[in-house]
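Each remark here refers to the structure printed beneath this line.
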Amino acid sequence: MALATLGIISIGDMGLGIARLAIANNYKVITNASDRSQATQDRAKRNSIALVDTDIDLCNQADYVLSIVPPRDAIATAQRIAKAVSHTNFNSRPNPLYFLDLNAISPKSSREIDSLFTHTPQIHFIDGGIIGGPPSLKQDGTWSKPSIPLSGPHTLPSTHLATLLNTRHINSTIGSATGLKMCFASLSKGFTALAIQSFTTAQNLGVLDELRTHLDEYAPSTRTKAEKGLTGMPPKAYRWVAEMEEIAETFEADGGFNDAESIFRSVARVYEFVADGTELGKETVEGRKRGLTAEDVAVLMREGAEKRKVKTD
Ligand SMILES: *[C@@H]1O[C@H](CO)[C@@H](O)[C@H](O)[C@H]1NC(C)=O
Ligand SMILES: *[C@@H]1O[C@H](CO)[C@@H](O)[C@H](O)[C@H]1NC(C)=O
């Protein structure tokens, strides 16, 4: 007998990692992939994730629904669940349904999602964020896990699940957990955007080697961080566009910064340019991302900028 059933939407890298962790610890995991690609459905089956055909089935069978989707899909996913829940027969289930939004969204977006469920007391909405990479099984048989801060008036009823997923309930206010995630993510992803502009410009000026030499002497950890950020960012850039907008919204709505001060609106444009305006956003580059150096990134950014200049001239 499974300890409980988790409905996970959707089975990307993070969703899959969490599903594996849960299944390895005696939970049942289900997903609705009915209109997703055959590859996605096969991936789910290969990992012992049960497929259901509709969102209503998902809500009827699950004890917990976890939303783990690209940030731009978070609200639409919550709306899907709210709609399905309106067709769910709560009389036939003994416990409420817990809906956890674990997406990289602003506290404002999370409050908007919360408002979808105000007239559905059988749904217990929990605000959450994921800090760190997907769970993975280590050589020694233990799991490396991300941290999952949660917040809101409801807490997870199972301490077993709370511990397994490495969650911590940080506040009873909706938005605290997503806000924490946004503040954390802003530092590394904001810094990487600065590194993109700094390295690209240094490359254009022919002083990239000099920049590196000076970083080595005066700020060696900054060079390491910049180069790691630059080489790791290309395949994620398209996904980060919406996340940067959510960070901007967080700093505006919950940090008190005005339009002129909202630097993450511009950070979003930088990643958009990487994804749509350069070869870095293309499959071919993703394929050789292991071998990509910081200098390659600077060169490809410059080529993208030149192409854009020709177009607008
Ligand atoms: C889930 O099921 C619904 C029917 O309830 C379907 O319309 C929807 O597209 C499915 N979603 C996914 C991601 O497969
Ligand atoms: C929870 O968050 C609110 C702001 O949303 C803050 O005023 C309060 O101090 C926090 N409570 C705790 C226990 O941290």
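No hydrogens, no waters, no symmetry mates; every other heavy atom, side chains included, goes into these values. Here the structure is a predicted model, which means the values were calculated and not measured. Counting from 1, the numbers follow the sequence of the chain as shown. Remember, it's 1-based here, ligands and their atoms both numbered in the order they're listed.
Checking D296 against T293 by side-chain atom types alone, a donor-acceptor pair falls below 3.5 Å.
Between Y271 and W240, the ring planes lie perpendicular to each other; the angle is over 60°, past the 30° to 60° tilted range.
Distance screen at 4.0 Å: atom 5 (O) of ligand 2 has a protein heavy-atom neighbour inside the cut-off. At a distance under 4.0 Å, a protein heavy atom can be found next to atom 11 (N) of ligand 2.
Taking each heavy atom of C183 and F251 in turn, the nearest pair found is SG-CE2, 4.3 Å.
At distances below 3.5 Å, not a single donor-acceptor pair connects side-chain atoms of S110 with backbone N or O atoms of D127.
Scanning the protein heavy atoms around atom 3 (C) of ligand 2, the nearest turns out to be N171 ND2, 3.7 Å.
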